[in-house]
Participant: 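Please find one structure pasted underneath; my questions will follow.
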Amino acid sequence: MKRFFVTVCAVFTALTICAQPVMSYEEADAKADEIIKTLTLEEKLSLIQGHNRFFFPGVPEKGLPYIYTTDASMGVKNKQHMHNAGEVIVAERTTQFPAFIMLAATFNPQLAAQYGHAVGEEARMAGAGVILGPGMNIYRNAQCGRNFEYLGEDPHLAASIIYDYVTGMQSTGTLACAKHFLCNQTEFYRRRSNSIVDERAIMEIYTPAFKAAIDAGVATVMTAYNQLNGEWTGQSKYVITDLLRGTLGFKGLVMSDWNSIYDWKDVILSGQNLDMPGEDAFYIKKKPAELVAEGVVTEKDIETMIRPLISTCLRWGLYDRYNSGKQYDKSLEAKLPEHLKVSYQTAAEGTVLLKNNGILPLATTDKLLVVGKRVKEVPHGGGAARVTGYDHKTLENALIQSFGNNVTFVEKPTEAQLKAADKVLCVVGTFDSESTERPFEMEKAEENLARKAVAANPNTVVLVHSGSAVKMTAWADKSAAILYGWYPGQNGAEAIRDIIVGKVNPSGKLPMTIERNFADSPAVNSVPEGFNLAKAKGNPNEKAFHPWTYDIHYDESVLVGYRWYEKKGIQTLFPFGYGLSYTTFQIAKPKILNKGKIKTLTDDAPLKVTVELSNTGAVAGAEVVQLYVAENNPTVLRPNKELKAFEKVTLQPGEKKTVTFEVDKKMCAYWCDKNHSWTANSGDYKLLIGTSSADIAVTLPFVVK
Ligand code: BGC
């Protein structure tokens, strides 16, 4: 996964910016200390809280300007944030990219690098120094309203995408922010949930994406709203100093999520650097100045707290950029058309074909009836991550362009209309948003439309727009085809249309399992038993702060997603890593190249593995070769298999390619909670290579010594 910066720069052929930190951590810290010596106590205290909701604090008269930050992972929010801040020039146009979960579904880290780069450039255009993303909380619960902002259920997939996204973004000089640290898996009671998680799950499931961001050099990290094992993450020494800085090795700036800290003493002593947005909330007990005056914390503690803010801004040249008025790079507006291509490509590679009885692709001479309300808009999620975009392409317009008079649209069709149509495209979905959980079942009207369409017409293709899994069992079997189109961004409808008409061959893969019933999920306890999300319309308690917390026990430990369903033998509707194509592929000639009859993996000798992938169908397409590792006789609870490597390969009809993987000891290891370290037992293991977690074409035994 680690690649050199140079390689990433090479991805962007027409690269305008290729920024790197201008100095080392050590140099930056030393320079920060010099600056700190010039500050009064009052100035120092002013640097622990944000300014004007979206700015890092500053002392402009001493050369430390306010630095503008903006949401989020999937584009630059700028305009919506800044309507009355007065300090920032608003960018008229910023791209509304496809949802992050759709980026994960591409299984294409190189595309993630281009996506991160594009968002980074738009931040530079809009005068923002920091993007408040990427979001990388692992998908544990289909109901979580923010799953669309994250990268699915598998830590290796999330880590692979994050590494390249962060590298791509920061190569533009825009700082990324890895969020929300940690175990923020539910929006229900999000300001008072207490995630109770064991050490192995923390290390094996919930931190690898953050570790990848840190390895990629991420400049900032945001803590979360929830408690982890009884401590608010934004003021927990265990979370910030021991885990994030200690075990994971983060050296940059930590900030709180917006209004999520409760006790200044704990905050100051936890390793936290910045309270965002810095509006003293009523639940903060004593003010920092009082605590210093009373000797509860020292001025040195305050200096320790503010050093990472100053040194991070120095290291990335942000102070110079802002002081010289160069934070706005208007010339980057010229890159917007290129960004649209990245956005289109993400939607084209991230749309997942879940079922196809041969009906797709459609001929544009087909008489097509399109039903549902979502065709007239660009489906999107809500909350901080929402970017409005510009020049939106709706599915309605995209289909008219291709089908002309052969397509008709009826939002709520009668049975007779459905029956009379040659082919039906039924567009349904959910609106997912920060601050709310939504039921696994779609709203009644959407669910009923899907049921009615497939019952009336066997030639019905169902297109789902949602940020995570929905219940499909009542209509999936009867449908002719199912496409998962997530939230596809401002021009993603054109990509989905191109898949529907066969101009683009789908290659997306599910970054999470779609279960049959929510009761099958490991996360059924995310809302209190008996609580009816559909009736309550999300989270009734988000607005009010109550000092008590709701415990969420992550009893499944490391068995998240497919790890859970496989271990429990629960049949799912669609497995992790699954997605169809208009062509067919074959995996053959598996080989471990290491010498000897028994293939042995040691510290010094990783395994070299090759398999051949062929396109055995009639059209060009891309397939994701997935490599899973399993220990045969583990001494601790281990999943049946774990994704450890993958490669997306594009092949012409009849073409073959040999894919090579290297498997090292870390890929066989679990986190030992006795030694607090990664451990790979000696013994028998196997590699499972296939095209989804459930479609394993090849199994290769090996031994770890
Ligand atoms: C969200 C963060 C976001 C922040 C600023 C919070 O409510 O949880 O993800 O970055 O607001 O908008």
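As a basis for the values below, the full set of heavy atoms in this structure was taken, side chains included, without hydrogen atoms, waters or symmetry mates. When a ligand or atom number is given, it counts from 1 through the structure's own listing order.
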Participant: Strictly by salt bridge (Lys or Arg N to Asp or Glu O under 4.0 Å), give each pair with a member in residues 146-156 just once, sequence neighbours left out.
Facilitator: Arg146-Glu149, Arg146-Glu434, Asp154-Arg563

Participant: Any idea which atoms of ligand 1 are less than 4.0 Å away from a heavy-atom of Tyr225?
Facilitator: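 Those atoms are 6 (C), 7 (O), 8 (O).
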
Participant: Which option wins on minimum heavy-atom distance to atom 6 (C) of ligand 1: Asp257, Asn259, Asp71?
Facilitator: Asp257

Participant: Here's one to test your reading of the geometry: is the NZ or CZ of Arg191 within 45 degrees of the ring axis of Tyr225 and under 6.0 Å from its centre?
Facilitator: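 Here Arg191 passes the 6.0 Å and 45° test against Tyr225.
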
Participant: Number the atoms of ligand 1 from 1 as they appear, then name those within less than 4.0 Å of a heavy atom of Arg146, with their elements.
Facilitator: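 Result: 1 (C), 2 (C), 8 (O), 9 (O).
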
Participant: Using a 4.0 Å cut-off to any heavy atom of His180, which atoms of ligand 1 qualify?
Facilitator: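 Going through ligand 1 atom by atom, the ones under 4.0 Å from His180 are 2 (C), 8 (O), 9 (O).
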
Participant: Are any of the heavy atoms in Glu149 under 4.0 Å away from ligand 1?
Facilitator: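 False for this residue.
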
Participant: Would you mind running through ligand 1 and noting each atom that sits below 4.0 Å from a heavy atom of Lys179?
Facilitator: 2 (C), 3 (C), 9 (O), 10 (O)

Participant: Can Glu434 be said to touch ligand 1, with heavy atoms closer than 4.0 Å?
Facilitator: yes

Participant: Quick one: which ligand 1 atoms are inside 4.0 Å of a heavy atom on Phe54?
Facilitator: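 Going through ligand 1 atom by atom, the ones under 4.0 Å from Phe54 are 5 (C), 12 (O).
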
Participant: Heavy-atom distances under 4.0 Å decide this one: backbone, side chain, both or neither, for Arg190 against ligand 1?
Facilitator: side chain

Participant: Quick check with a 6.0 Å cut-off and a 45 degree axis cone: is Arg438 positioned over the face of Phe431's six-membered ring?
Facilitator: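 Not flagged: Arg438 not positioned over aromatic ring of Phe431.
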
Participant: Which pair of non-hydrogen atoms, one from Asp432 and one from Tyr487, has the smallest distance, and what is that distance?
Facilitator: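 Closest approach of Asp432 to Tyr487, heavy atoms only: N-OH, 2.9 Å.
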
Participant: Judged by modelled atom types alone, do Asn108 and Gln345 share a side-chain donor-acceptor pair under 3.5 Å?
Facilitator: no

Participant: Judged by non-hydrogen atoms, does Lys77 sit under 4.0 Å from ligand 1?
Facilitator: no

Participant: Please could you name the atoms of ligand 1 that Met222 approaches to less than 4.0 Å, counting only its heavy atoms?
Facilitator: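 By the 4.0 Å cutoff, the relevant atoms are 10 (O).
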
Participant: Kindly confirm or rule out an N or O of Trp258 lying under 3.5 angstrom from an N or O of ligand 1.
Facilitator: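 In this structure, Trp258 places no N or O atom under 3.5 Å from an N or O of ligand 1.
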
Participant: Which of the numbered atoms in ligand 1 are under 4.0 angstrom from any heavy atom belonging to Ala384?
Facilitator: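 Here the atoms of ligand 1 in question are 3 (C), 12 (O).
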
Participant: Can you name the side chain to side chain donor-acceptor pair (under 3.5 Å) partners of Thr220, sequence neighbours left out?
Facilitator: none

Participant: Might you point out which heavy atoms bring Lys179 and Leu132 nearest each other, and give the distance in Å?
Facilitator: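 Closest approach of Lys179 to Leu132, heavy atoms only: NZ-O, 2.7 Å.
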
Participant: Determine, for Asp329 against Arg124, whether the closest basic-nitrogen to carboxylate-oxygen distance falls under 4.0 angstrom.
Facilitator: no

Participant: Going by atom types only, do Ser526 and Glu437 share a side-chain donor-acceptor pair under 3.5 Å?
Facilitator: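 No, no side-chain donor-acceptor contact under 3.5 Å.
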
